[in-house]
Amino acid sequence: MTLTLLEIVALGLLGAAVLLSLLRLILGPTAPDRVVAADTLAVITTSGLVILAALLGSPLYLDVALIYGTLAFVGVVAIARTIEGNG
Amino acid sequence: MTTKSIQQPEPGFVHGLFLYLLVFTLWMLLVGNLDTAEMAAGVVVALIVTLASRPHLSILAGLIISPSALLPLLRYLGTFIVALVQANLDMARRVLSPSLPLQPAVVEVETKLKSSLGRLILANSITLTPGTLTVDVQDEVLLVHWVDAPPGSDRLSTTKAITSKFEQHLKGFVL
Amino acid sequence: MRLIADLFLVVGAAFTLFGAIGLIRMPDVYNRIQAGTKAVTLGSLCLLIGIALLYPAWWSKLLVIGVLILITNPLGSSTIARALLKAGVKPWSKASVSQPGEADR
């Protein structure tokens with residue numbers, strides 16, 4: 001499908017959000033900061049997968065987004081448990 | 001979330017039925033059409049899932065299932081959506097202002113909700129409302145990280161400011 | 001119709017970006033969690049609504065994804081925050097602010 005100007009703007013904003021989150025992931029400075037950045041990135045990725053489904057016009061990617069969101073949540077809880085255990 | 005030392009009401013048959021309908025609805029939403037074959041499969045799958053999750057059914061026991069619970073539920077959803085949008089405008093304003101206006105503190109708030117489900121929903125609501133993040137739930141006290149805590153606020157005033165608007169609707173449909 | 005959908009998409013992407021900016025600018029982990037969770041949750045929901053307006057046939061699955069994000073995202077953030085507090089990460093505060101949470105503990 002051809003994109004309208006607003007849609008291109010939206011994609012740009014979303015791309016900038018991903019880059020900033022990645023920056024926080026790289027900069028740290030502590031492990032918890034990276035966990036928070038990774039959590040945020042995971043949620044952005046979930047909605048990103050939905051947008052990918054729309055761009056490709058294929059609802060198959062919606063299932064991918066659903067599974068990805070669920071697994072990301074489980075991962076975050078697992079990491080949180082690890083942090084808690086070390087404390 | 002800590003659930004120990006909460007007096008948990010026993011789940012009844014209605015809660016099982018509710019879970020069954022919930023699972024069946026989820027199945028139908030995922031399938032996305034109204035084929036007879038898919039529906040038949042859904043009836044069986046939902047039954048298996050409901051039976052398999054019976055040991056955990058007590059989570060739902062706090063739910064009040066009656067027609068009178070519908071109105072508080074809708075009111076709660078309305079309050080929640082308004083609060084969510086407010087929270088985001090508030091956060092956007094803070095993040096974008098050059099001076100970064102913050103006055104964070106960890107405060108305590110009380111809840112009158114008895115069930116773990118009620119406290120879970122309340123904690124989630126607090127996390128998504130302006131400037132607050134639930135950190136821990138210890139029985140009837142919730143630890144909340146507040147971005148803009150007024151200096152010298154005590155537990156009563158924070159409870160009033162943070163939880164009361166949700167709790168008045170929440171207590172209509174959870175214990 | 002397409003215009004409304006596009007507006008939802010832009011607003012959603014903008015909120016997501018604000019969340020990411022918050023992630024960079026906020027002074028400590030707890031504030032970063034706050035900015036990240038709230039903005040990204042509403043941002044994602046707006047994006048999902050936008051897509052649902054573009055592809056009305058997908059509404060059921062988009063609804064499931066939306067509810068999933070709405071439930072798991074704040075829950076995950078609270079779990080991280082609790083773990084941090086238990087691990088002894090102190091919240092950042094301006095010197096003048098008293099911390100009622102610490103006083104009677």
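Lettering follows sequence order; numbering is per chain, from 1.
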*Asks:* Within the 4.5 Å heavy-atom criterion, are C:Leu54 and A:Glu7 side-chain neighbours or not?
*Replies:* yes

*Asks:* For C:Ile65, which atoms come within 4.5 Å of any heavy atom of chain A: side chain, backbone, both, or neither?
*Replies:* both

*Asks:* Is the closest side-chain heavy-atom distance between A:Arg24 and C:Arg25 below 4.5 Å?
*Replies:*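 A:Arg24 vs C:Arg25: side chains apart.
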
*Asks:* What part of A:Thr4 gets within 4.5 angstrom of chain C, counting heavy atoms only: side chain, backbone, both, or neither?
*Replies:* both

*Asks:* CG/A:Asp63 to NZ/C:Lys61 distance, rounded to the nearest 0.5 angstrom?
*Replies:*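 A:Asp63 atom CG to C:Lys61 atom NZ measures 3.5 Å (nearest 0.5 Å).
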
*Asks:* So for C:Leu45, is it side chain, backbone, both, or neither that comes closer than 4.5 Å to the heavy atoms of chain A?
*Replies:*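 The answer is neither part of C:Leu45.
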
*Asks:* Which heavy atom of A:Ala37 sits nearest a heavy atom of C:Leu23, and at what distance?
*Replies:* CA-CD2, 4.0 Å

*Asks:* Taking all atoms of both residues into account, what is the closest heavy-atom pair of C:Gly36 and A:Thr40, and its distance?
*Replies:* CA-OG1, 4.2 Å

*Asks:* Heavy-atom distance under 4.5 Å to chain C: side chain of A:Ala72, backbone, both or neither?
*Replies:* neither

*Asks:* Enter the distance from C:Leu62:CG to A:Ser47:OG here, rounded to the nearest 0.5 Å.
*Replies:*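 If I round to the nearest 0.5 Å, the distance is 11.5 Å.
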
*Asks:* Would you say that C:Ile69 contacts A:Thr46 through its side chain, given a criterion of any heavy-atom pair below 4.5 Å between the two side chains?
*Replies:* yes

*Asks:* Nearest 0.5 Å please: distance from the CD1 atom of A:Ile79 over to the CD1 atom of C:Ile80.
*Replies:*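 Spacing of CD1 (A:Ile79) from CD1 (C:Ile80) equals 7.5 Å.
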
*Asks:* Taking every heavy-atom pair that is under 4.5 Å apart, which of C:Leu47, C:Leu7, C:Leu3 has the most such pairs with chain A?
*Replies:*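 Top count of heavy-atom pairs under 4.5 Å with chain A: C:Leu47.
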
*Asks:* Over all heavy atoms of both residues, which pair between A:Val76 and C:Gly76 is shortest? Give the atoms and the distance, please.
*Replies:*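 Minimum heavy-atom separation between A:Val76 and C:Gly76: CG1-O, 3.9 Å.
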
*Asks:* Between C:Leu9 and A:Leu6, is any pair of side-chain heavy atoms under 4.5 Å apart?
*Replies:* no

*Asks:* How far apart are the C-alpha atoms of C:Gln34 and A:Val36, what are their side-chain angles, what is the distance that settles it, and do they pass the side-chain contact (heavy atoms from CB on, under 4.5 Å) test?
*Replies:* CA-CA 10 Å; C:Gln34 289 234 15; A:Val36 175; over 6 Å; no

*Asks:* Are any of the side-chain heavy atoms of C:Thr41 and A:Val43 separated by less than 4.5 Å?
*Replies:*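 No - every pair of side-chain heavy atoms lies 4.5 Å or more apart.
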
*Asks:* I'd like to check C:Thr16 versus A:Val18 (side-chain heavy atoms, cut-off strictly below 4.5 Å). Are they in contact?
*Replies:*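 When only atoms from C-beta onward are counted, A:Val18 and C:Thr16 do not touch, as no gap falls below 4.5 Å.
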
*Asks:* Roughly how far, to the nearest 0.5 Å, is OG of A:Ser58 from OH of C:Tyr55?
*Replies:* 9.5 Å

*Asks:* Please report the closest heavy-atom contact between A:Leu20 and C:Ile24, naming both atoms and the distance.
*Replies:* O-CD1, 3.4 Å

*Asks:* Which bit of A:Leu41 is near chain C, if near means a heavy-atom gap under 4.5 Å: side chain, backbone, both or neither?
*Replies:*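 Contact with chain C involves no heavy atom of A:Leu41 at all.
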
*Asks:* C:Ile51 versus chain A, heavy atoms under 4.5 Å apart: side chain, backbone, both or neither?
*Replies:*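 Side chain only.
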
*Asks:* What part of C:Leu68 gets closer than 4.5 Å to chain A, counting heavy atoms only: side chain, backbone, both or neither?
*Replies:*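 When you check distances to chain A, only side chain atoms of C:Leu68 fall under 4.5 Å.
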
